[in-house]
2 protein chains.
Amino acid sequence: MEYEGADPGTVRPGGRTARVRAAVLRAAGDAMAERGFAHLDLADIARRAEVGKTTVYRRWGSVTGLVADLLTDMAEQSLPRTETGSLLDDLKANARLVQRTLTDPRQGALFKAVIAAATSDARTAEALHRFYETRVEEWAPCVQQAVVRGELPEGTDPHEVIRAVSAPLYYRFLTTGDHLDEATADRAAEAAAAAARAGVYARPA
Amino acid sequence: MEYEGADPGTVRPGGRTARVRAAVLRAAGDAMAERGFAHLDLADIARRAEVGKTTVYRRWGSVTGLVADLLTDMAEQSLPRTETGSLLDDLKANARLVQRTLTDPRQGALFKAVIAAATSDARTAEALHRFYETRVEEWAPCVQQAVVRGELPEGTDPHEVIRAVSAPLYYRFLTTGDHLDEATADRAAEAAAAAARAGVYARPA
DNA sequence: TCCATAACGGGACTCCTGTTCCATTTGCTG
DNA sequence: CAGCAAATGGAACAGGAGTCCCGTTATGGA
């Protein structure tokens, strides 16, 4: 009796395999942005990627599996973080980055689709959590620096502050249909800064 | 040539029609809570509701149509709002209500499913927006009273404050897998209150 | 360069979702 | 309470998503 090999694509990841993955992920992103998560069709994606339908099913298995892979791919491309001298400006930069991402037609639709997928599939949810963890981790230092500078109380949880900036933007994005503009982004940053200064995110030492 | 009648269920809404609607909505809620939005199957829902599969397709057409109806049904059952004398306590009551709702296994799964459905269907999105508009409208007065009492600056936008309470809870609920506890709810209320007091939600007069 | 085999691609097949047709039940109205 | 039509329910049907089989391509190692 022989052991079945690991998942397809792991033994010979070079050349064609990599090209197929890239083409399929791109096609999946396009399809998602255009038609949304619910109307996603693996056969259509295979056609767009000029790849056999069988291949897509074999490598990713299901729509949610594909979305999860797309997400880990997105997490790997990290954006450079700006670095001003003030907490509020750093948070505003972060807020505007999120705002621009969600407002962008392609990226916005993609995020909607990914979040939708995560609600009904554990693997996708896991990938999504890691994605945001990475992003939050990336921006946390600017809060830590504000603590060092004495702008924020000792023991302030940097992760919570960063999450507080994104939260209202995502909430608006998902539950109300309102357009996200720069003023909204700035207000999100200001709210987070105000709450942080008031010591809301300071753990009791 | 005759005009086709309106949607089925509108001409004779009493008796059986109402029973069918109630049974199907209940079954849909159960199925959603158990299996999530992506795995939703109208045939299964019909079976649970002990109703003909044809009826479900004829009345609601698609999964998203059913979810939209479920949502308007939920919006109609409004919960009584508590009324303490302080802004922070009112906001905490609101935050805990949201926290309990999202934490509840059935309700939480239901909200996840509904939000997922709204990301890929305009009609469901519309219903979702109305749902949250209703809820926010319901709680806005307690912020307005705080303005009158002088706790908050003139021109504070009550809706924004209420949304600011929910936002971090939903953000956490959807993007991180963390458990929502009462401390988290209280912190959300405190953050919103702090930002409001700082004048972040005050429109420039 | 050459070989073993991982990975791909096309097509046939299956099963399940969603539609259509028509007989039956049951609200509503006179 | 009687009759008309709305609404339902079952069954047969159609179309498409996902699986399986097997021949073909091309990768990674010798």
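As the structure is a prediction and not an experimental result, all values here were calculated from the model. We use all heavy atoms of the structure for the numbers below, so side chains are in, but hydrogens, waters and symmetry mates are not.
- Across the protein-nucleic acid pair, A/Trp60 atom CH2 and D/dG18 atom P stand 15 Å apart, rounded to whole Å.
- Residue A/Tyr57 places its side chain closer to D/dG18 than to any other of C/dC8, D/dA7, D/dG18.
- With respect to B/Arg19 and B/Glu50, no salt bridge is recorded, no charged nitrogen being found less than 4.0 Å from a carboxylate O.
- In this entry the distance linking CD1 of B/Ile45 with P of D/dT8 reads 16 Å, nearest Å.
- One atom, CG of B/Leu40, and another, C1' of C/dT17, lie 13 Å apart when rounded to the nearest Å.
- Using a cutoff of 4.0 Å between basic side-chain nitrogens and carboxylate oxygens, B/Lys92 and B/Glu182 are not scored as salt-bridged.
- With D/dT8, C/dA12, C/dC8 as the candidates, the nucleotide lying closest to the side chain of A/Arg16 is C/dC8.
- Remark: B/Arg58 is not in phosphate contact with C/dG18, judged by side-chain N or O atoms under 4.0 Å from OP1 or OP2.
- Checking A/Gly15 against A/Asp41, the closest nucleotide of DNA chain D that is more toward the 5' end is the one next to A/Asp41.
- Comparing A/Arg47 and B/Val51 against DNA chain D, the residue whose closest nucleotide sits nearer the 5' end is B/Val51.
- For A/Lys53 against D/dG18, a side-chain-to-base donor-acceptor contact under 3.5 Å is present.
- Judged by distance alone, the side chains of B/His159 and B/Glu137 do bring a donor and an acceptor atom under 3.5 Å apart.
- Listed nucleotides: C/dT19, D/dG9, C/dC8. Nearest to the side chain of A/Thr17: C/dC8.
- Ring to ring, B/Tyr170 and A/Phe173 are not that close: their centroids are 6.0 angstrom or more apart.
- In the model, A/Ser62 has a side-chain atom that pairs as donor or acceptor with a side-chain atom of A/Thr64 under 3.5 Å.
- The nearest whole Å value for the distance from the CG atom in A/Leu66 to the C1' atom in D/dG18 is 14 Å.
- Set against D/dG9, D/dT27, D/dC20, the side chain of B/Thr54 has D/dG9 as its closest nucleotide.
- The side chain of A/Arg19 places an N or O atom within less than 4.0 Å of a non-bridging phosphate oxygen (OP1 or OP2) of D/dT27.
- Between the C1' atom of D/dG16 and the NE2 atom of A/His39 lies a distance of 16 Å, rounded to the nearest Å.
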